[in-house]
Every structure is written in structure tokens, then in C-alpha cells.
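Accompanying notes for the structure given below.
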Amino acid sequence: MLNETADEMMVTVEPAGQKGQSPDAAPAHSGTGSHLRHLAILLLVSLCVLLPGLSLLPLTDRDEALYVQASRQMMESHNWVDIRFQDNPRYKKPVGIYWLQGLTGLATGHGETSPLWVYRLPSLLGALLVGLFTYGIANRLSGPKAGLIAGLFAVTTVELALEARIAKTDAMLCATIVASQFALIHACLDPERKQVFWRNALFWLSLGLGILIKGPMAPLIIGLTGLGITLTERSFSLLRSLSPVRGMLAMAAVVLPWLIAIGVISGGDFFRESLGRDVLGKIATAQESHGAPPGTYLLVALGTFWPLSVFASLAFVFAWKNRREKAVQFLFYWAVPAWLVFELTATKLPNYVLPMMPALAVLSGVALTQGGLRRDTWWFRFTYFGMAAGGLILGIGLNVALYHLQGHVSFAGVALGLLVAAAGIVAWRLFLANRLMPGLAAMTVSAGLAYAMAYAVLLPQARDFWLSDRIAEAVASARTCTDPQMIVVGYAEPSIVFRLGTRTRLVDGPQAAALFSEADCAVAVVAEENSAAFQTDLARRGTPVSPTATAIGRNVNGMKLRTMQVFAKPQNAVASR
């Protein structure tokens with residue numbers, strides 16, 4: 001564990017167990033009861049922070065909508081190998097998250113009719129696991145108090161709170177990486193470097209699942225960590241302690257069956273798309289308008305890692321003073337090399353650096369338990385103000401944004417926003433008064449209320465923000481049969497397919513008119529700018545029809561206000577010839 005002298009704030013790494021115990025045992029001063037108590041607190045707080053809004057937040061475009069629709073189609077088609085969005089291959093990412101979402105749908109009994117929140121459960125589970133494994137790493141270094149602090153930091157960060165509520169890869173990917181790092185730190189701090197079955201099984205199986213979820217991301221981060229330790233030690237003992245031959249065989253058993261199957265089915269297109277266009281393409285050029293210069297992630301992380309980022313400077317000073325200690329070196333190699341890789345990558349998205357966040361959480365938890373809150377310079381006193389500033393920005397700013405978008409005020413949102421700001425200010429004052437645990441409690445309350453306000457109140461009330469939901473409501477009021485042919489013109493966000501069904505046709509005006517005329521029963525959703533041409537074409541085909549409903553909302557990608565008109569054709573209404 002890490003022990004510190006009060007005068008020098010230095011740490012030393014010693015075997016965690018006492019004589020006759022496994023070196024992978026918990027710190028000697030902590031008992032099972034203490035662990036269970038801290039884990040119960042962490043799990044309860046995590047659920048309170050991460051659950052609100054899970055079922056209320058509308059479906060987000062574009063990534064989440066693509067994932068959930070492809071997972072639904074796996075259940076509909078019973079094809080669990082080939083990934084499809086409607087008839088188009090979906091080969092940018094491997095199959096792992098689709099399997100988890102589809103199996104969750106089957107396990108809950110909903111199957112292909114699963115509501116959106118079911119697809120989000122794997123992300124919620126991933127976020128919970130991130131908190132628990134972060135606790136485990138910090139506990140291994142400095143005991144259960146450090147573990148609790150680090151776990152709370154992890155689950156209250158802005159980025160993980162978002163990823164826990166949307167059905168994408170990142171929360172579960174982060175969980176697999178932190179699980180592998182949990183095993184790796186136990187091996188790293190084992191002075192005898194024994195081959196321990198549970199530890200090595202967790203390492204390799206988590207790594208394999210990480211590959212199935214997002215390809216090379218997990219091997220990159222974990223590999224750079226292990227490489228850094230190996231080069232520093234000038235020894236391969238860490239690698240040997242991981243049982244590499246048996247471990248890679250186990251990992252291959254997880255990964256290779258699907259990779260071989262998709263390679264055969266796609267004729268190699270999966271590898272060209274995922275590795276060639278997606279991975280290498282994002283390294284070389286900025287894709288999807290997400291380019292930014294190096295250093296961007298450092299600035300962005302001040303917001304996306306809040307409230308953890310408030311303690312970043314304290315953690316960095318602690319790490320520098322203890323830079324020769326193996327545990328600190330491990331956390332450095334976990335966070336810094338991969339972070340630099342992503343800074344140099346052309347395409348930049350905040351979720352890319354999420355797997356490095358737990359390393360900062362662990363470092364901050366250890367620093368706080370061993371060094372305490374520092375107030376000896378104006379800089380540290382200034383950085384703690386970030387707790388109050390974050391609460392004010394979230395509590396007040398999000399309510400202002402809702403008013404700007406919708407033109408009305410949410411009284412529940414304002415009430416929660418004031419509480420968020422007040423709790424942030426209280427946390428700041430407590431930190432300045434050197435009251436660590438009460439300050440962390442206030443911090444957790446501020447963050448938890450902020451996320452409940454955002455995801456359970458403000459975003460669901462921003463009705464113009466969710467055009468696909470407004471279209472689905474208009475279609476439900478206009479449809480004339482139970483299973484009409486759905487046709488959409490001038491709007492191609494993937495969320496509309498999930499809302500209206502897999503058979504929904506996204507076509508241009510002439511195709512829409514032909515489909516509408518030929519179908520026994522149909523509903524066409526047409527952008528206002530395409531409406532006149534669509535009606536003219538229908539009249540020419542002998543199927544004159546007028547719009548029966550209208551949906552108005554913003555196209556999230558670009559925020560343009562759109563008007564969509566809904567045309568319904570009664571069942572068996574045949575065009576005149």
C-alpha cells in the first residue's frame with residue numbers, strides 16, 4: 001500500500017498483505033466489514049447519481065440511434081453476426097455492444113419491442129463497474145477511504161454521467177479497461193510476480209471484451225501502461241506474471257470466432273471499414289467535423305471531468321513528489337501516453353479520453369487521503385472555486401439554455417438549479433475549511449442534482465430538441481391502420497427509424513410518391529420544403545392527399561428548426577388509373 005510521511009508527502013509501495021498472506025490481499029488495516037460498507041455506499045450513491053433520466057431522456061442522434069436500431073434488428077432477424085442498420089452494413093465498430101444490448105432486451109422479456117431504457121442498461125452497468133473497479137484500485141493503493149473517494153470521483157464526472165445514460169460503447173469500454181487495469185496493478189505491485197489465476201483471467205477476458213466493444217482502444221491503453229512499466233523496470237517479469245500464452249489463447253477464444261465469421265460474411269469489408277476508414281481515417285483526418293488542435297482535450301477535460309477536474313492540480317503535485325513510486329508510475333503510464341496519442345489524433349471527441357479518467361480519480365483519492373486538502377498557496381484555493389463555478393454553470397446555465405431553445409422556464413428545473421449551485425458553493429467552502437468528507441458529500445449532491453435536473457427534467461422538456469419524437473407523435477395521431485408503410489422524405493436522422501420501425505423508407509420525393517401510391521396503407525412524413533412537389537406527384541398518380549398533421553422541431557445535428565408534414569393514406573385506398 002501507499003504510506004506517507006506527514007512532513008514530506010512521499011509514498012512507498014509495500015506488499016499489501018502481511019506475512020503468510022497473498023501479496024494481492026487487501027491492505028492490512030482494512031477489514032471485510034469496512035470494504036462492504038464503503039462499497040455499499042458507493043453503489044447506492046452511484047445509482048442515485050446515474051439512474052435519474054435513464055428512461056426519460058429521448059433518443060439521441062446519431063450514434064446512440066444507430067446502435068439501438070442495429071441491436072433491435074439483431075433480435076428481429078436472429079442474425080447475431082452481421083451488423084445492419086436497415087439494409088446497410090454497420091461495420092465501424094465490433095459486435096460487443098450490440099450483443100450486450102440485444103441480450104439485455106431478451107433477458108428483460110421485451111425482445112425487439114424493448115423500450116429505449118432497456119438498450120441503455122449495459123451503459124449503466126458499465127458506469128457502475130467503472131466506479132467499483134476504480135474503488136478497487138485506489139483501495140489496493142491506500143485503503144477503503146481512498147477507494148470510496150476515487151469511486152465517487154469517477155461516477156460523478158460529467159462525461160461518465162452522460163455515457164451511463166446513452167446506449168453507446170464508451171461506458172462499457174471504460175469498464176473493461178478499468179477491470180484490466182485493476183488486474184494489472186495487482187500484478188505490478190506483487191513483489192514476487194506470481195501467476196494468479198483470478199487476476200490473469202480478469203485481465204485477459206476484460207481485454208478481449210474491450211476488443212469486441214471498440215477494437216484497438218483497450219489494447220492501446222492497457223498496452224501502453226504495461227509497456228511503460230516494463231521499460232522502466234527493464235524486465236519482462238510483469239508480462240510473465242500475466243500468463244501471456246494461456247491468456248492470449250483465452251482472449252482469442254473470446255474475440256476470434258466473431259472476427260472470423262464477420263470476415264467471411266462481409267468479404268473483408270468489416271476490416272476495411274473499421275480499421276481502414278474508421279480507425280486510421282480518424283488518425284489521419286478530422287472526421288464528422290470533429291477536428292481540433294493538440295491540447296484540446298486538456299481544456300475540454302476541465303468540463304467533462306468536473307468535479308474531479310477541480311482536484312487535478314493537487315493530484316499532479318502529489319504525483320510529481322512521488323514520481324519514483326511504482327504505483328504513481330503505473331497511473332502515469334495509464335493516463336499520459338494514451339492521452340498524448342489522442343491529442344495528436346486529428347479527430348477529437350470528449351469520450352475518447354474517458355478511459356484515462358479513472359487514473360486521475362485514483363490519484364486524486366490517494367492524494368486526498370494521504371496529503372489532505374492543500375490551502376498553502378493561492379493556486380489551490382483558486383482551483384477549489386471550480387466546485388462552485390461548475391455548480392453555477394450547470395445549475396443556472398442549463399436553465400438559461402432551455403429558455404433560449406424553448407422560450408419557457410421550467411420551475412422544477414430552476415428549483416433544482418438553485419440547489420445545484422448552492423451545493424457547489426457549500427462544497428467549495430467546506431474544501432477551503434479543510435473539511436474533506438463533508439465537502440465531498442456536498443460535491444456529490446451538487447453533481448447528482450445537476451444530472452437529475454439535466455436528464456430527467458430539462459432535456460425531456462426541451463420538446464423542440466427531439467424532432468423524431470414529435471414526428472412519432474404526429475404519425476400516431478394520423479395513422480389509419482395498424483401497420484402502415486412508413487415513408488420519410490427530407491429527414492434522415494437514424495432516430496426516426498427506431499421511432500417508426502425498421503421498415504421505414506428514407507427516400508426522395510419521387511420514390512416517396514410511388515411507394516405511397518402503391519401501398520395498401522401508408523404514412524408519409526415529408527419536410528415542408530419537399531411537400532409541394534410530393535403532393536403534385538401524388539395528384540399526377542391519381543392519389544391526391546393533404547397533410548393531416550404537422551411536427552415541428554430541431555434537427556439536433558445543426559440545430560435547424562424543421563417543419564415536417566404527415567400524410568396518411570387510408571387502407572385499401574387505390575390510386576385511380
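As the structure is a computational prediction, the values presented were derived from the model and not from experiment. Numbering starts at 1 and runs along the sequence shown.
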So [Y] and [X], do their side chains get closer than 4.5 Å, heavy atoms only?
X      : Y      : result
Val310 : Met443 : no
Met453 : Leu449 : no
Phe380 : Ser313 : yes
Thr377 : Phe382 : no
Thr169 : Asp63  : no
Ile222 : Phe203 : yes

Exercise. Walk me through it: do Ile166 and Leu57 pass the test side chain to side chain contact (heavy atoms under 4.5 Å, CB included)?
Key: CA-CA 9 Å; Ile166 53 179; Leu57 178 67; 4.1 Å; yes
Is there a donor-acceptor pair closer than 3.5 Å between any side-chain N or O of [X] and the backbone N or O of [Y]?
X      : Y      : result
Tyr451 : Val158 : yes
Asn200 : Ser241 : yes
Trp339 : Val353 : no
Ser142 : Ala138 : no

If every non-hydrogen atom of [X] is compared with every non-hydrogen atom of [Y], which pair is closest and at what distance?
X      : Y      : answer
Leu152 : Leu42  : N-CD1, 3.7 Å
Leu173 : Met217 : CD2-CB, 4.1 Å
Cys174 : Pro358 : SG-CG, 4.1 Å
Val420 : Ser446 : O-OG, 3.0 Å
Ile213 : Lys93  : O-CB, 4.2 Å
Ala338 : Ile221 : CB-CG1, 3.9 Å

Give, for atom [atom1] of [X] and atom [atom2] of [Y], the distance between the pair rounded to the nearest 0.5 Å.
X      : Y      : atom1 : atom2 : answer
Leu43  : Ile41  : CG    : CD1   : 11.0 Å
Leu314 : Ser364 : CG    : OG    : 7.0 Å
Leu50  : Leu125 : CG    : CG    : 11.5 Å
Ile229 : Trp334 : CD1   : CH2   : 12.5 Å
Leu354 : Met357 : CG    : CE    : 5.0 Å

Quiz prompt | Pairing residues for Glu163 by the side chain to side chain donor-acceptor pair (under 3.5 Å) criterion, not counting sequence neighbours | solution =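 Checked Glu163 against side chain to side chain donor-acceptor pair (under 3.5 Å); matches are Lys168.
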Quiz item: Quick one: is the NZ or CZ of Arg120 closer than 6.0 Å to the six-membered ring centre of Trp117, and within 45° of its axis?
Solution: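 Ring-cation test returns no.
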Quiz item: Regarding Arg193 and the six-membered ring of Phe236, is the cationic atom NZ or CZ under 6.0 Å from the ring centre and inside 45° of its axis?
Solution: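 Judged by the rule, Arg193 and Phe236 form no cation-pi pair.
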Quiz item: Pick from Val426, Leu373, Thr383: which one makes a side-chain contact (heavy atoms from CB on, under 4.5 Å) with Phe431?
Solution: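 Looking at Val426, Leu373, Thr383, the match for Phe431 under the side-chain contact (heavy atoms from CB on, under 4.5 Å) is Leu373.
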Quiz prompt | Reference residue Val178; test side-chain contact (heavy atoms from CB on, under 4.5 Å); the match among Leu129, Ile137, Val362 | solution =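 For Val178, the side-chain contact (heavy atoms from CB on, under 4.5 Å) check succeeds only for Ile137.
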Quiz item: Can Thr232 and Gln329 be counted as having a side-chain donor-acceptor contact under 3.5 angstrom?
Solution: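 There is no such pair between these side chains.
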Quiz item: Going by atom types only, do Tyr98 and Arg90 share a side-chain donor-acceptor pair under 3.5 Å?
Solution: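 On atom types as modelled, these side chains qualify, holding a pair under 3.5 Å.
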Quiz prompt | Over 12 foreign heavy atoms within 6.0 Å of CZ, Arg381 | solution =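 Counting neighbours around CZ of Arg381, more than 12 heavy atoms of other residues, nucleotides or ligands fall under 6.0 Å, so yes.
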Quiz item: Relative to each other, are the rings of Trp428 and Phe385 parallel, tilted or perpendicular (30° and 60° limits)?
Solution: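 Plane angle over 60°, so perpendicular.
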Quiz item: What is the ring orientation for His35 with Tyr135, classed by angle as parallel under 30°, tilted 30 to 60°, or perpendicular over 60°?
Solution: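 His35 and Tyr135: perpendicular rings.
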